[in-house]
Structure formats: C-alpha cells, structure tokens
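Read through the structure below, which is laid out as structure tokens, and then see the notes.
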Amino acid sequence: GNHNNNNNNNNYKGGRGGGRGGGGRDQHQHHHHQTDRITIKDVQLLEETGMGKTPQQQSVIRINAREFVRQRLQYVEPCTNFTPNAHCHWTAENRIAEIEALCSRVMELGDVSKGGNNANGKPKKHETAPLLEDCKPLEVNEEKRWKSKAMVRKSSLISESLPPPETTEEIVGTALLILNKISWTTIDRLTATFMETTNLVENEEVRKAIIEMLVSKAQIEPHFGPMYAQICAIIAKQVKTFKKELLAQCQKEFEIDVAHKIENATKGITDPDEIEYHSLIIRKAYVGHMKFLGELYLRDVVKLTIMMYCLDELLKDSEHEDALECFAHLMTTTGEKLDAHAQQNKKDFDWQQVVDLRNSTKISQRIKFLLQDLLDLRERGWVKRRKEDTAMTLADIHKEVAQEEQAAKMASRRASTSNLRRSSSLATTPEVDDDGFVSINRSSMKHVSSKTNLGGGPPPSSPASKKPNQLSSLRRAVSQPGFASNNVPASPFDPKKIASTFGVEDAPPMPNVSENKATSSGVASPDQCAKKIQSILKEYYVGGDTDDAVLSVDELVQATVEEGALERGAKVIEGATLLAMEGKPADVPKMLSVMVRCVTEGKVPNASIVKGWQDPLEFLGDMEIDAPLAGNHLALIIAECLKLKALQLDFLVNDSPEYFRKSGKPAMFAIQVLKQRGDDPSDEELEVVKSLMTDDDKNEFDSGKAMWEAKK
C-alpha cells in the first residue's frame with residue numbers, strides 16, 4: 001500500500017512539474033497498471049458559458065459534456081477509426097466496439113446513456129415512452145366520443161338547435177346540475193331557477209322525481225341536510241302539492257325496515273366485508289333521513305304532532321338499536337324547539353323512558369353513551385359542546401375568520417398583560433405593616449441571596465458576613481419612609497453613627513411604599529379584590545353564612561373610601577361574574593344572594609356593575625366553548641340586576657364592549673336576558689333589541705318585536 005501511494009505522489013509531482021517532459025509521462029505509463037485514476041487538484045472545470053475567472057474565459061461559448069455527447073451521437077455517424085489520446089482514461093481494448101454498440105442502440109427519450117447498472121449494482125429501469133415530438137397528436141372524433149348529456153343540452157340551448165328538455169330524465173338531470181351548485185349564498189336565486197327549470201307546478205311526474213332526488217341527497221349528504229330542508233321549505237310555500245307529496249315520501253322512507261333493506265341489498269353476496277359495507281351505507285342513510293326530518297320540523301314543514309309520533313315510534317322497541325340511534329340524532333336536532341313548544345302539545349315528552357333505556361342492560365354501550373350525551377345536552381339547555389361543521393355562506397366564513405383574528409389579538413393582549421403583572425410582582429417594593437416591620441418577598445430574597453457571593457466575599461453564614469448584612473437591614477428599616485407615615489417612634493440608633501462606628505457606607509434609602517399595590521391603610525388593590533371575591537364565594541358555596549360573606553365584601557371594597565372604590569367594586573363584580581359563568585347552575589343563585597344584598601345595601605357602587613361586566617361580555621363567546629352554560633348564567637345575573645332597577649337594558653348598546661356588539665349575538669343575548677327576567681318587554685327594551693340586531697337578524701326579522709315573538 002505504501003509503495004502505491006508513493007508512486008501516485010510521484011506521478012502527481014512529475015506530471016505537474018515536468019509539463020511536457022518525459023519524466024512524468026514515463027512514470028505514469030510505467031505505473032498505469034497499478035492506478036485506476038489520476039487525482040488532479042486545484043483544477044476548475046468550466047462546463048457552461050459565462051464560467052471562469054477572467055473575461056476571456058467567460059466569453060468562450062461552452063457546451064455541457066453530456067449535451068455534446070448527446071448531439072454527437074444523435075447527428076453524427078459513428079466513427080470507424082478511433083485512437084485515444086495518451087491522457088485518455090478510456091483505454092480498454094474493446095472501446096471501439098462499445099462505442100459502436102452505444103451508437104446503434106434505439107434512443108430512449110433522447111438519452112442513450114441509460115443503459116448499464118446503478119451505483120448499487122442493480123440494472124437501471126428503461127423508459128419505453130417515445131419522444132414527445134415523435135408522438136402523433138390525439139384525434140378527437142366529435143361524433144363518436146362520449147359527451148355528458150348536460151353539456152350537450154347546454155350547448156344545444158345556446159345554439160338553439162335543439163328544444164328544451166322534455167323527458168323526465170332530462171329535466172331531473174338538469175335539476176341535479178342546479179342542485180349541486182346551490183349554496184347558502186345562492187340558495188334564493190338558484191332555487192327560483194330550479195323551480196322554473198323543472199316546472200314543478202304543472203308536471204306531477206317531474207315533481208315526484210325531484211322529491212325523491214331531494215330526499216335521497218339529504219340522506220347520503222347529511223352535511224347539507226339543513227340546506228336541502230331550506231330548499232324544500234321555500235318550494236312548499238309556493239307549490240301547495242309539493243309539501244303533501246314530500247311528507248308522503250318522508251313517511252315512506254321512515255317506515256322502511258332497515259334489516260329487511262340490508263337483506264335485499266346483500267342478497268347473493270358472500271364476502272363479509274362487502275356485506276358490512278352495504279349495511280353501513282344503508283344505516284347511515286337512515287340516520288341522515290332522521291336528521292332531515294328534524295330540519296324540516298325546524299322550518300315548520302313537519303308539524304309537532306308528526307314529530308311526536310316519529311319519536312314515539314322510534315322508542316317502541318327498546319332493544320332495536322338502529323331505531324334508538326335514530327331517536328338520539330332526531331332528538332338532538334329538534335330537542336330545543338320541542339321543549340319550547342311543550343305547552344302546545346297535549347302531553348310532554350316522557351324523558352324518564354330515555355333514562356330507563358340508558359340504564360338498561362339489553363342495549364350496547366355505544367347506544368347508552370348516545371342517550372347519555374342526549375341527556376347531558378338537555379341539561380345544558382341544548383347548547384352543544386363543539387360546533388358542528390355545516391355549510392356556510394361567504395359572509396359567515398369572513399365573519400368566522402374575523403372572530404378568530406380578534407380572539408388571537410385578545411389572547412396576545414391577555415398574555416402581555418399577564419407577563420407585565422408577573423414582572424411587576426417581581427419588582428414590588430417591601431411592605432411595612434402596622435407595627436413598622438418590613439416584610440420582603442421570599443422569592444425575591446432567594447433571587448438576591450443567590451447572587452450575594454458573586455464578588456468573592458465570605459459566605460453569608462460566616463461571622464464576617466453577618467454584621468454588615470444585619471446592619472444593612474437595620475439601616476434600611478430605620479431609613480424607611482413608611483415609618484413616619486405610620487407614626488412609629490424614631491429609632492434610638494442613628495444610621496450615620498452606626499456607619500461611622502462599624503466602618504460601613506450608608507445604605508441607599510428604600511423606595512416609597514405609598515405606591516404599593518396593597519397600601520399600608522389596609523385597602524386592597526383592584527386585582528386583589530378580583531381574587532379575594534372568588535375565594536369568599538367558594539367558601540360561601542360550601543355552607544357559609546350570607547351575612548359573613550356580605551361583610552367580607554364590604555371590607556374588601558370599602559365603598560366609604562372614595563379613592564379607588566369604583567375600580568375595586570368593578571373587580572369584585574367581574575371576579576364574581578366570571579366564577580359564576582364557569583360554575584355549576586346551582587352556584588349562580590348562591591352568588592346572586594350575596595351580590596344582590598351588596599348592591600341593595602350599597603356595599604358595591606352601582607356604577608361598578610356595568611364596568612365589571614366588560615370582560616365577561618367580551619369573552620362570552622370564548623367561554624361558551626368550554627362552558628356552554630356561561631351565556632345562560634350571565635343572562636340570569638343581568639336579569640336580576642334589571643329587577644333591582646340598578647341599571648337599564650340599554651347599557652348593552654351604550655356601554656358594552658365593541659367586540660360583543662359586532663362579533664357576538666347581542667340581540668339574541670338581550671332576548672335571553674328579558675326571558676330570564678320574566679316580564680314582557682317594554683317598547684324601549686324592544687328598541688334596544690332592534691339596535692343590537694346584526695345584518696343576519698335584520699334579514700330574518702323586521703323589528704325587535706318580531707324577533708322577540710319568534711324567540712321567546
């Protein structure tokens with residue numbers, strides 16, 4: 001190995017040093033059988049035009065070696081006599097035969113160098129596709145090629161060469177095209193086109209076919225079920241016979257036996273996976289039909305008596321799991337409206353039957369969980385934990401994006417505020433109690449003590465370090481300005497005399513504690529009020545006394561101290577409201593019993609109430625994601641204050657946060673507050689509802705009174 005390396009080095013040196021001399025060449029020829037290649041360093045390979053260090057090198061027109069070989073092999077005849085240069089690395093004796101073989105091969109995508117093996121020794125895969133320029137363009141036979149009937153009909157209508165669609169199949173195909181284009185944004189315009197194209201009023205056969213198509217699409221596309229139900233509701237108002245035939249088709253689908261339908265669909269099929277596939281499709285379609293029935297009921301296409309009949313039929317067989325699953329989905333869709341219309345029904349729905357089914361041992365756990373989710377949904381006031389994905393208009397999409405951006409801004413603002421409070425808490429000044437002693441934050445002392453030995457002095461525990469530290473603490477305590485404010489007698493020790501005696505410098509004076517968050521007079525800061533009121537209420541929920549809770553609030557707010565009383569009262573209202581919004585329904589009356597007494601007895605200023613509701617109203621939408629009953633609890637709290645005449649409903653227009661008025665549902669929330677209060681709203685309050693109505697509300701309702709009548 002050493003001998004070969006030395007020879008290689010000699011070849012390198014001889015070649016570079018000897019130039020055209022024979023020494024280097026002789027050595028290279030002599031040792032050629034021992035080396036496979038020559039290593040050349042510091043050589044720049046100029047492959048493309050513009051490469052090089054000098055202008056002369058950059059001006060040379062260069063062709064890539066691979067491209068040159070490709071053109072050479074494609075356009076030039078193979079050479080017959082070829083003698084390589086002395087420096088040529090290809091010195092095999094059969095090189096001429098190899099070149100001729102490469103030149104005679106069929107070209108593959110213009111590259112004949114694809115033959116051979118890869119680096120791992122495996123043969124390369126050959127491309128069989130010819131060159132694109134060698135391919136013949138595709139000839140299209142306009143007479144024989146397949147064409148969509150809808151496209152043929154569209155082109156024919158434009159050229160007026162064919163009459164409009166006449167057969168039922170053609171009309172249904174055209175209707176299907178229009179139906180697939182309908183969205184919440186274009187539903188009114190395209191529904192009118194849909195009715196005009198299909199001629200539903202006069203053509204009974206087409207009308208039945210269209211109804212079957214609508215019901216079928218609603219079954220297999222439950223995501224668009226509300227939109228299909230809205231289309232049916234629009235058509236039913238204009239075509240009298242449409243509603244009757246639609247209900248007949250829905251009843252026919254409702255009475256189908258799912259097991260019998262699965263048996264007919266899987267007759268002759270032996271593959272278990274394929275049987276399961278068809279069974280799953282049929283079951284999903286049946287569940288989708290129940291959701292479609294619920295959407296029709298929400299739009300008053302299906303009457304209350306029909307819906308109650310459907311629910312009772314689904315609960316007849318307590319062991320039929322398919323029917324129980326459909327009941328859960330149907331009640332989830334219609335439950336809120338059914339509870340609202342309970343007085344119109346002759347008998348209320350028997351929920352005890354659902355509770356018994358949930359505890360039954362004859363059904364699977366999956367159905368039990370569905371029924372449990374249904375019962376939980378009813379207890380939450382039919383407010384779903386998660387927002388379901390449904391078809392949306394462009395305006396709704398833009399609104400949702402704006403809400404997400406606003407929520408992100410609010411989250412960043414809360415994070416920055418939290419960091420500021422945290423940093424300010426680390427930099428707080430020591431507090432002086434009533435006896436004149438200075439209390440220092442332990443966490444800050446740990447931070448300071450960890451750096452006391454950075455100067456290389458004696459450790460804190462050594463005797464040499466105790467006296468200066470003790471004297472320094474003593475000087476700080478004596479020089480504290482808070483001593484004078486608390487009328488504490490002056491210390492008999494003079495700091496300057498002590499300093500001169502022990503040979504230490506004067507300690508810098510301590511900052512004034514009058515600006516501290518918790519003042520020496522015992523009045524809590526607003527942030528401390530927000531935290532302490534929650535502790536007071538949590539203790540009261542366990543079984544505390546109302547008088548003690550009211551007294552604690554009075555000591556916390558100190559309304560008689562005018563300075564800061566409004567801010568402290570607002571933080572008390574804010575902390576109590578946020579705790580109630582996130583708490584259980586049973587805790588809200590307990591909280592109100594305390595806060596009502598505080599307001600009526602003047603423990604909390606009335607002006608603090610509206611100010612304390614700013615954050616709860618602004619973050620209401622975010623809180624309802626994790627606490628669905630937060631809106632109901634806040635509405636109940638505001639309703640109680642309206643009963644006390646502590647404020648008027650118009651504060652939602654004049655003093656509520658802008659984000660609540662623009663991004664939330666302020667009109668619906670105002671109606672919810674009025675419902676919790678119980679009395680009929682006055683004309684002024686209905687005007688407040690009208691002022692809070694969004695553009696969507698105005699499109700649906702003409703006035704605040706109309707919205708109240710529809711939502712009460």
Side-chain angles (χ1 to χ4, degrees), residues 340 381 383 533 537 546 550 553 557 559 566 569-583 585-621 623-624 629-658 660-661 664-694 697 701 703-712:
V383 179
I533 185 60
L537 290 176
T546 306
V550 173
V553 175
V557 178
L566 182 63
K571 283 297 181 179
V572 167
I573 295 295
E574 176 185 320
T577 303
L578 292 175
L579 180 65
M581 291 171 65
E582 296 177 346
D587 295 337
V588 180
K590 298 179 181 178
M591 172 265 185
L592 286 173
S593 63
V594 176
M595 300 312 298
V596 166
R597 281 194 54 183
C598 292
V599 173
T600 53
E601 297 176 8
K603 310 297 183 184
V604 176
N606 288 349
S608 302
I609 300 176
V610 176
K611 189 174 182 180
W613 284 339
Q614 296 298 308
D615 282 358
L617 287 172
E618 186 169 1
F619 302 131
L620 177 60
M623 294 181 65
E624 285 182 329
L629 293 180
N632 294 338
H633 294 172
L634 181 58
L636 178 59
I637 295 171
I638 297 177
E640 289 296 325
C641 291
L642 291 179
K643 293 179 181 179
L644 296 176
K645 306 296 183 181
L647 50 90
Q648 300 296 327
L649 187 65
D650 58 357
F651 87 93
L652 292 175
V653 179
N654 303 324
D655 300 322
S656 63
E658 182 180 2
F660 166 76
R661 297 194 302 270
K665 297 180 179 179
M668 190 61 208
F669 181 76
I671 291 177
Q672 194 173 3
V673 172
L674 295 174
K675 289 167 61 178
Q676 294 282 5
R677 190 186 62 179
D679 300 335
D680 292 334
S682 61
D683 295 339
E684 292 78 7
E685 291 172 338
L686 292 178
E687 285 296 324
V688 171
V689 174
K690 182 179 179 180
S691 302
L692 295 173
M693 290 173 61
T694 60
D697 297 334
F701 306 103
S703 61
K705 184 176 182 180
M707 188 174 182
W708 162 259
E709 293 293 337
K711 300 295 184 180
K712 69 176 181 178

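On a predicted model such as this, the values are computed, not experimentally measured, just so you know.
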Calculate, to the nearest 0.5 Å, the distance between atoms [atom1] and [atom2] belonging to [X] and [Y] respectively.
X: Arg677; Y: Cys641; atom1: CZ; atom2: SG; value: 12.5 Å
X: Leu578; Y: Ile533; atom1: CG; atom2: CD1; value: 12.0 Å
X: Leu629; Y: Leu634; atom1: CG; atom2: CG; value: 12.5 Å
X: Glu658; Y: Leu617; atom1: CD; atom2: CG; value: 14.0 Å
X: Gln676; Y: Leu674; atom1: CD; atom2: CG; value: 10.5 Å
X: Met581; Y: Leu636; atom1: CE; atom2: CG; value: 12.0 Å

message = When you compare the side chain of Phe669 with that of Ile638, does any pair of heavy atoms fall below 4.5 Å?
response = yes
inquiry  = Restricting to side chain to side chain donor-acceptor pair (under 3.5 Å), what partner residues turn up for Gln672, sequence neighbours left out?
reply    =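 If we apply the side chain to side chain donor-acceptor pair (under 3.5 Å) test to Gln672, skipping adjacent residues, the hits are Asn632.
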request  = Name all residues meeting the salt bridge (charged side-chain N to carboxylate O under 4.0 Å, His left out) criterion together with Glu624; count only those two or more places apart in sequence or in a different chain, and write none if there are none.
outcome  =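 Once residues adjacent in sequence are excluded, Glu624 has no partner under the salt bridge (charged side-chain N to carboxylate O under 4.0 Å, His left out) criterion.
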task = Just jot down the salt bridge (charged side-chain N to carboxylate O under 4.0 Å, His left out) partners of Glu574, sequence neighbours excluded, or say none.
result = Lys571
note = Result for side-chain contact (heavy atoms from CB on, under 4.5 Å) between Ile671 and one of Glu685, Lys665, Met707 points to Met707
Distance-only donor-acceptor hits, side chain of residues 585-602, under 3.5 Å, sequence neighbours excluded:
| residue | atom | partner | partner atom | Å |
| --- | --- | --- | --- | --- |
| Ser593 | OG | Tyr540 | OH | 3.2 |
| Ser593 | OG | Lys590 | O | 2.5 |
| Arg597 | NE | Glu601 | OE2 | 3.1 |
| Arg597 | NH1 | Asp547 | OD1 | 2.5 |
| Arg597 | NH2 | Asp547 | OD1 | 3.3 |
| Arg597 | NH2 | Glu601 | OE2 | 3.1 |
| Thr600 | OG1 | Val596 | O | 2.8 |
| Thr600 | OG1 | Arg597 | O | 3.1 |

Between [X] and [Y], which heavy-atom pair has the shortest distance, and what is it?
X: Met693; Y: Phe701; value: CE-O, 3.6 Å
X: Leu692; Y: Pro666; value: O-CG, 3.2 Å
X: Ala667; Y: Val689; value: CB-O, 3.8 Å

Would you mind writing out the side-chain donor-acceptor pairs for residues 644-657 within the sub-3.5 Å range, not counting sequence neighbours?
| residue | atom | partner | partner atom | Å |
| --- | --- | --- | --- | --- |
| Asn654 | ND2 | Asp650 | O | 3.4 |
| Ser656 | OG | Leu652 | O | 2.3 |
| Ser656 | OG | Arg661 | NH1 | 3.4 |

key: Under 3.5 Å donor-acceptor, Gln614 side chain and Val610 backbone   = yes
request  = Before giving the answer on side-chain contact (heavy atoms from CB on, under 4.5 Å), spell out for Trp708 and Lys690 the whole-Å C-alpha distance, their side-chain angles and the decisive distance to 0.1 Å.
outcome  = CA-CA 10 Å; Trp708 162 259; Lys690 182 179 179 180; over 6 Å; no
Counterpart residues, side chain to side chain contact (heavy atoms under 4.5 Å, CB included), relative to Ala570 (two or more places apart) = Ser608, Lys611
